[in-house]
Amino acid sequence: DNGVTSKEKWRIVDASDNLDWAVLYYSGAAKTAGQAYIGAMLATPDGKWPDDKELPRITKALHSAGIVWHEMVEVCNENCGGAPLTPLHPERAVSSSS
């Protein structure tokens, strides 16, 4: 954490009917740092790339958000331990009964 507050907006651009994948778009700004940014995320339940047959639709979704494939980077989460992660401050976690 660099101490700069960012304001972000996230949108679902497209998702498969069975939710095997979703394309999410975000935009934000860190006003005090004078920075603005956009990006996209391709999310899947298992973290693996969807079938190749889905790529034309995903490409279209990315394009509609102003993102092109060469800007996407694959992230490996295999060494992240078990999910869900334990909050850093469990005493501050909001209970479902609230």
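Below, all heavy atoms of this structure are taken into account, side chains as well, without hydrogens, waters or symmetry copies.
Interatomic distance, CD of E54 versus OG1 of T44, reported as 11.5 Å (0.5 Å rounding). In this structure, CG in L55 is found 12.5 Å from CZ in R57, a value given to the nearest 0.5 Å.
The minimum heavy-atom distance linking V13 with L24 is given by the pair CG2-C, 4.4 Å.
For the pair D51 (side chain) and K53 (backbone), a donor-acceptor distance under 3.5 Å is absent.
I38 and M41 fall into different hydrophobic clusters, where Ile, Leu, Val, Met, Phe, Trp and Tyr side chains are chained together by heavy-atom contacts under 4.5 Å.
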Review item, side-chain donor-acceptor pairs of residues 61-73, under 3.5 Å, at least two apart:
{"residue": "S64", "atom": "OG", "partner": "A61", "partner atom": "O", "Å": "2.7"}
{"residue": "W69", "atom": "NE1", "partner": "T59", "partner atom": "OG1", "Å": "2.4"}
{"residue": "E71", "atom": "OE1", "partner": "V68", "partner atom": "N", "Å": "3.3"}

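Listed by first then second residue, pairs satisfying ring pair (Phe, Tyr, Trp, His ring centres under 6.0 Å) with a partner in residues 19-42 read W10-Y26, not counting sequence neighbours.
Looking at P45 and L19, their side chains never come closer than 4.5 Å, going by heavy atoms from C-beta outward.
Here D20 pairs with nothing under the salt bridge (Lys or Arg N to Asp or Glu O under 4.0 Å) rule; sequence neighbours left out.
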